[in-house]
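Worksheet: one structure, shown below.
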Amino acid sequence: MLRACLRGANATARKNYRRIPLTSLQQCRHYTAGESSSASKVVVAGLLTVSGGIGGTILYAKWDHKFRAAVEKNVPYSDWLLGLALGPPAQDPGLPIKKRVRCCPQLILIIVTGHKVSRELLLPSVFVSRLEASAEATHIISAISEVPSVPAPCDTEAAAVKEPMKERPVEEVAARLAQQEQEEQDISASVSASLEDSLASSAKATLQAIGAQEAALQAIIQHTDKLKEAMEAEVLPEEKSNQWKDLEAALADRTTALNDARAALSKANESLDSLRSVIDKSKGLKISSVRPLVLAAEENLHNMVVDLDKMVMKVQSAESEAKIVSQYSELVNEAKRQFQREVSSLTPEIQANWKGLTGKLSTDDLNALIAHAHRRIDQLNRELAEQKVREKIHVDAALEQQKLEDQKALDNAVNTVLQHVKEEARLEQERKLAELREVMEAEMRTQLRRQAAAHTDHVQDVLKVQEHELKAEAEQVLSSKMLEQETRYRQLTQEQLDNFTLDMNTAYARLKGVEEAIDSHVVAEEEARKAHQLWLSVEALSYSLKTAEADVPTVPLENAAQAVRDSCRDNDFALALAAALPEKSLQRGVYSEASLRARFNSLRSLARRVALIDESRNSLYQYFLSYLQAALLFEKSQEAPPSQLSSEDLDPFKLLSYASYCLEHGDLELAAKLVNQLRGEARRVVQDWLIEARLTLETRQVVNLLSAYANAVGLGTTQAP
Amino acid sequence: MSEKELGKKWDRCLADGAIKLGTGLGLGIVFSVLFFKRHTWPISLGSGAGLGMAYANCQNNLRSHYMLHRGDKEQ
């Protein structure tokens, strides 16, 4: 039926398929493509999810170290992956430095608060050496509130670093404090020394620079003056030449002075920079005792810088003036040169230095010269007029320029002054801060002294209480230990006694056991002997059973039975068995199986002949019929009896053949049972045989039982070697 | 021996039969000669009676075990 359905479905499918082949193909393709696309979509989605998960895990592990540790612990190979992505896991730095700074002063709080707190708080004092206690004095008041919450990370880190520390004694704390102070002092001394050194050097350099600048200034001024003199003064030529020489010397001086000044300035700047760096470094050390030194140094530095700047400014202004003057002198020189050129052009022969002119020129030359001079004067007057006209413009331009320059100079000056002012303000602020700090520190010290006093009182009380407690505890411990020892002693003695009695008991028991064993051995031997006797008597009985001959029964079993009875006087079982022997066997003996067999064979024909006779049929005619039946009926002489007799097996002939078979095979019992099934006359005929057979069977059974029993008893009592 | 009983019974039967037959025959002959003018019928009567008695006796003998006797009943 299923196949029919499938076939029908296939047929309909094929029909449908044939109707829309193309579209279905396309659909198929689309379907497969869609399938593949959906599969690829699923794959892509899965990949995205997985990569997103991994990425998210890595990011979160980067942010949260505990999560990272948890992931590394639980997921194998994740530590490799995370190490690859994020680098080795950063060790927990414990508390950040700020908090550490707050932790440290709790070294001082130890003296103030109780033991437990102190144990936890002492741990971070490992870091005390580097940090100043007083600076955090301002934080102590705020830190008191943080006491219970702070220690945990410090705790773990310090525990990882060192074993948990016990409370350190006051001496150690004081020693540590002293050590700290000593260190601070050393540092401050070194810092002050360095500061002084650098201050001195920078002061020297600055002074030198200032001196050099002064010298340069002087040189410049001198040079300028000399130049001005040279320009303007009309002196004798020798003096002029002297003047010019002096000017040159002055110029040389100026240049050297300027160079010296520059060198000195640079040196001073260097030293000032070094001083500044030293100041910064010492500021970085953050030790309070150094602060005033630092402040003073800073002030000195500032002053030096200011002086230096002033000097530099002066020099610069002098230089600018000198520049103007030199420009003027250049102009003048230029004019003079031009004039000389004109003169030389006019009077070519006088090429030499026109200073030595006087007295050598002729009147023509002089006239020419004068004419030239007049012309020159006219020209110059014209130029002067022009110049006067241009003067305003030039002056305006110059003023503008000057304004600009002045503005620049003003700006610079303002900037420098502003810087100086700012610097001064900062210094002032720092000075004020230092003062405030000192004040606060003094206050803190008084508070701490008070707290220390309170703590000592408290500690004393607590110690007294503890003493009592400990004494009580110790006494208790002692008493308990004593009790323990006593009980143990008693226990041990008791144990010893017990062991001794136990040993005695075991020895006695063993002795008893040995005695019993011996007795039981005797008893067992007796038993064995008796069993042996019994067995012998039973053997005799069974032997006497064999004395039966062809038609003669056995000897009367009375004697043997008596012997058996004698040998088992106290054995009820054997006695009972012996009593179970049938009387007749005792008096008369029993027939052997062979004789019974022979007798049966003769009985059989007789039984066959009267097979038909019973209570209802016992007339002579029936006898005749029975005889006829016996003559005409043939059965097997021996037939194996079935395990269960059915009603048709109760036919006398069959029974007799079964019984013959049994007898031939030695089964008297079954034969008797079968013969017992005969009814009527046949039964009457075999009655005696049956009785004899029963007797034999009984006797045999009893004898077998006795023999088995004797064997069993004998086996029981005999001991294997 | 119970098996010999039957034999014994048969012997008695036969003996008894022989006797009764003979006696009946004899008496029949006697009576036939004496009283019944040598007819054969008294001989056959006598022998038949004798045979019959023997038969009955034999049968009774053989049945005797199965028959309840008056004496047993009383017991």
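Side chains are part of it too, since the values below use all heavy atoms of this structure and drop only hydrogens, waters and symmetry mates.
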Minimum heavy-atom distance between A:Tyr623 and B:Trp10, given as atom pair plus value: CD2-CZ2, 3.8 Å
Look only at the side chain of B:Tyr66 and the backbone of A:Arg617, and say whether a donor-acceptor pair between them is shorter than 3.5 Å. no
Measuring heavy-atom distances to chain A, does B:Glu5 have an atom under 4.5 Å in its side chain, in its backbone, in both, or in neither? side chain
Applying a strict 4.5 Å limit to non-hydrogen atoms, the region of B:Leu62 in contact with chain A is both
Identify which part of A:Val686 has an atom lying under 4.5 Å from any heavy atom of chain B, answering side chain, backbone, both or neither. backbone
I'd like to verify something: which residue of A:Ile613, A:Val610, A:Asp614 has the highest number of heavy-atom pairs under 4.5 Å with chain B? A:Asp614
With a 4.5 angstrom heavy-atom cut-off, is it the side chain or the backbone of A:Leu606 that approaches chain B, or both, or neither? side chain
Any chance you could measure A:Glu615, atom CD, to B:Arg63, atom CZ, to the nearest 0.5 Å? 12.0 Å
What part of A:Glu681 is in contact with chain B, defined as an atom under 4.5 angstrom from a non-hydrogen atom: side chain, backbone, both or neither? both
Residue pair B:Glu3, A:Arg599: steps toward the side chain to side chain contact (heavy atoms under 4.5 Å, CB included) verdict: CA-CA 10 Å; B:Glu3 59 262 28; A:Arg599 197 165 147 185; 3.0 Å; yes
What is the distance from atom CD of B:Gln59 to atom CG of A:Asn618, rounded to the nearest 0.5 Å? 7.5 Å
